[in-house]
Amino acid sequence: MASPLPSDQKREQPLSLEDFTVGERICSSAFTVTAELAHDFARAYDPQPMHLEEDAARASFFGELVGSGWQTLAVTMRLMVDARLTGTTPIIGAEFREIRFHRPMRPGDTLTAEAEVLAVRRSRSKPERGFLDLHLTTMNGRGETLLTQIWTLVLPARAGRANQPS
């Protein structure tokens with residue numbers, strides 16, 4: 001059996017189900033959501049006053065201009081792609097659940113994300129693949145949690161290796 005690769009080398013190759021262990025954490029680099037980027041995203045995808053207009057934002061539930069939660073989700077995906085969450089294997093989602101917004105993202109925030117492996121299981125019906133359950137946390141530069149969610153990803157499995165069936 002080959003010895004495990006260091007995390008930085010591991011991310012430079014295609015990863016399979018068996019390359020993950022419960023409790024493993026994958027951390028992203030940082031991404032700053034500029035005011036211009038937040039405004040452009042809101043204008044295109046979530047054109048609500050609290051994302052676009054200073055006066056309306058002050059009068060809103062938030063009391064200030066905030067970025068779209070949809071943008072926070074999209075940036076989280078970008079962070080995980082850039083972190084090579086699954087190495088060079090594409091990130092293929094089967095399910096996203098328990099999405100919870102803890103705080104709003106604000107224009108100018110620098111976001112990071114962390115994924116923790118919750119479960120690794122081989123598919124019963126398609127043993128050439130399996131499922132990776134992850135708990136994701138997205139934080140701002142002050143270390144405050146903005147978003148948590150659970151992802152179930154589909155990954156290839158290596159032939160002849162037994163995993164807990166699903």
Side-chain angles (χ1 to χ4, degrees), residues 1-34 37-38 41 45-46 66-166:
M1 179 173 176
S3 61
L5 291 170
S7 184
D8 57 337
Q9 289 178 9
K10 178 178 171 179
R11 304 271 166 237
E12 298 301 320
Q13 62 185 4
L15 297 181
S16 300
L17 195 63
E18 294 82 7
D19 294 314
F20 293 88
T21 57
V22 172
E24 177 181 358
R25 292 177 187 269
I26 299 97
C27 298
S28 78
S29 58
F31 183 91
T32 300
V33 180
T34 65
L37 188 61
F41 184 94
Y45 302 107
D46 191 0
V66 295
S68 170
W70 295 109
Q71 186 174 25
T72 307
L73 287 162
V75 170
T76 300
M77 179 65 183
R78 172 65 188 258
L79 289 168
M80 287 294 104
V81 169
D82 288 351
R84 294 197 172 213
L85 174 65
T86 55
T88 58
T89 302
I91 297 173
I92 300 172
E95 181 179 31
F96 299 90
R97 62 189 185 280
E98 297 182 35
I99 296 169
R100 181 168 177 217
F101 296 99
H102 299 266
R103 287 181 174 77
M105 182 264 300
R106 291 171 172 82
D109 274 354
T110 298
L111 307 186
T112 58
E114 179 180 273
E116 179 183 0
V117 177
L118 298 176
V120 180
R121 59 192 193 285
R122 188 178 291 262
S123 171
R124 281 184 254 184
S125 60
K126 296 184 172 137
E128 73 280 1
R129 65 180 74 155
F131 302 98
L132 181 65
D133 292 333
L134 302 162
H135 181 267
L136 273 87
T137 303
T138 306
M139 294 159 286
N140 63 22
R142 295 175 297 284
E144 299 168 328
T145 297
L146 302 182
L147 170 71
T148 54
Q149 57 187 314
I150 306 290
W151 287 7
T152 298
L153 305 181
V154 179
L155 281 172
R158 293 203 257 309
R161 300 278 310 253
N163 251 359
Q164 181 179 351
S166 167

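Worth saying up front: this structure is predicted, and the values here are computed from it rather than measured.
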Note: Val22 and Ala119 closest approach over all heavy atoms is CG2-CA, 4.0 Å
Please report the interatomic distance CG(Leu136) to CD(Gln149), rounded to the nearest 0.5 Å.
5.5 Å
Report yes if some heavy atom in the side chain of Val75 is under 4.5 Å from a heavy atom in the side chain of Thr138; otherwise report no.
no
Minimal heavy-atom distance between Trp151 and Met77, with the atoms involved, is CH2-SD, 3.7 Å
With heavy-atom distances below 4.5 Å as the criterion, would you say the side chains of Leu153 and Phe20 are in contact?
no
Check Gly108 against Thr32 and note the closest heavy-atom contact, atom names and distance.
O-CG2, 3.7 Å
Looking at NE2 of His135 and CZ of Arg25, how far apart are the two atoms once the value is rounded to the nearest 0.5 Å?
9.5 Å
Should the heavy atoms of other residues, nucleotides or ligands under 6.0 Å from CZ of Arg97 be counted, would the total exceed 12?
yes
Would you say the side-chain atoms of Glu18 pair up with the backbone N or O of Arg158, donor to acceptor, closer than 3.5 Å?
yes
4.5 Å side-chain heavy-atom contact, Thr137 and Glu116
no
Main-chain N/O of Trp70 paired with Ser68 side-chain donor or acceptor, under 3.5 Å
yes
Report the C-alpha distance between Asp133 and Arg121 in whole Å, list the side-chain angles of each, state the deciding distance to 0.1 Å, and finish with yes or no for side chain to side chain contact (heavy atoms under 4.5 Å, CB included).
CA-CA 9 Å; Asp133 292 333; Arg121 59 192 193 285; 2.5 Å; yes
Do the non-hydrogen side-chain atoms of Asp19 and Gln13 ever get within less than 4.5 Å of each other?
no
Pair Leu118, Leu134 - check side chain to side chain contact (heavy atoms under 4.5 Å, CB included), show working.
CA-CA 5 Å; Leu118 298 176; Leu134 302 162; 5.9 Å; no
Leu15 and Leu85: which non-hydrogen atoms are nearest, and at how many Å?
CD1-O, 4.2 Å
Is there a donor-acceptor pair under 3.5 Å between the side chain of Asp109 and the backbone N or O of Leu111?
no
So how far is it from Leu17 CG to Arg122 CZ, rounded to the nearest 0.5 Å?
7.0 Å
Interatomic distance, CG@Leu155 vs CD1@Ile91, rounded to 0.5 Å, equals 9.5 Å
Would you say Met80 and Ser28 make side-chain contact, with heavy atoms under 4.5 Å?
yes
Evaluate the side-chain proximity of Thr148 to Glu98: yes if any heavy-atom separation is below 4.5 Å, no if none is.
no
Where is the tightest heavy-atom contact between Ala83 and Cys27, given as atom of each residue plus distance?
CB-O, 3.9 Å
Leu79 versus Ser29, closest heavy-atom pair with distance:
CD2-O, 3.4 Å
Hey, are the side chains of Thr72 and Phe41 touching, using non-hydrogen atoms and a 4.5 Å cut-off?
no
So do His102 and Leu146 actually touch side chain to side chain, heavy atoms under 4.5 Å?
no
Does CZ belonging to Phe96 count more than 12 external heavy atoms closer than 6.0 Å?
yes
Can you tell me how far CG of Leu73 sits from CZ of Arg78, rounded to the nearest 0.5 angstrom?
16.0 Å
Working to the nearest 0.5 Å, report the span between CD of Glu12 and OG1 of Thr88.
8.5 Å
Decide yes or no on side chain to side chain contact (heavy atoms under 4.5 Å, CB included) for Val120 and Thr21, but give the supporting numbers first.
CA-CA 7 Å; Val120 180; Thr21 57; over 6 Å; no
